[in-house]
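What follows is a short report on a single structure.
Counting begins at 1 with the first residue of the sequence.
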Amino acid sequence: MTFKLYQEVTLTRDLPEHQLKAGDITTLIDFVPHPEGEKEGCILEVFNAIGESIAVVVVPLSAIEALRADEILTVRSMAQPS
């Protein structure tokens with residue numbers, strides 16, 4: 001699949017270090033090459049439900065997929081750090 005900059009995509013895996021879960025919607029903001037020529041990665045920006053930026057993460061392209069017409073959006077609360 002070919003992704004475009006600023007496309008909304010969904011995570012295919014949990015990122016517990018960022019309190020993100022598979023299915024969370026993010027915005028693809030850049031592509032990054034792997035320094036040793038392996039899998040290409042991407043930079044994602046994560047927004048909360050009211051449009052505030054809450055995280056920027058780097059993941060391999062295999063960690064995202066395009067949104068599909070048969071999916072429905074949902075809301076979940078993020079755990080607050082203790």
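- F3 and F31 make their closest contact through O-CZ, 3.5 Å (heavy atoms, listed as atom of the first residue, atom of the second, distance).
- Applying the salt bridge (charged side-chain N to carboxylate O under 4.0 Å, His left out) test to pairs two or more places apart or on separate chains, none has a residue in residues 53-63.
- Linking Ile, Leu, Val, Met, Phe, Trp and Tyr whenever their side-chain heavy atoms come within less than 4.5 Å leaves F47 and I43 in two separate clusters.
- If you take CG on L44 and CG on D30, they are separated by 10.5 Å, rounding to the nearest 0.5 Å.
- One side chain, R13 or S62, offers a donor N or O that lies under 3.5 Å from an acceptor on the other.
- Residues V9 and T27 fail the side-chain proximity criterion, which asks for heavy atoms closer than 4.5 Å.
- Panel note: side chain Q19, backbone P16; no donor-acceptor pair is recorded below 3.5 Å.
- With a 4.5 Å cut-off between side-chain heavy atoms of Ile, Leu, Val, Met, Phe, Trp and Tyr, the cluster of I25 takes in L67, L73.
- Contact check for V58 versus V32: side-chain heavy atoms found under the 4.5 Å cut-off.
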Requested in this report: Go through the steps for V46 and L20 under the test side chain to side chain contact (heavy atoms under 4.5 Å, CB included), then give the verdict.
Outcome: CA-CA 9 Å; V46 184; L20 299 173; 3.8 Å; yes
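- E40 has its side chain out of reach of P33: every pair of non-hydrogen atoms, C-beta onward, lies at least 4.5 Å apart.
- Here the straight-line distance linking atom CZ of R76 with atom CG of D24 works out to 4.0 Å at 0.5 Å rounding.
- Surrounding CD of E8 are at most 12 heavy atoms belonging to other residues, nucleotides or ligands under 6.0 Å away.
- The closest side-chain heavy-atom distance from E17 to V57 is not below 4.5 Å.
- Contact check for I64 versus C42: side-chain heavy atoms found under the 4.5 Å cut-off.
- Taken to the nearest 0.5 Å, the OG1 atom of T26 stands 9.5 Å off from the CD atom of E45.
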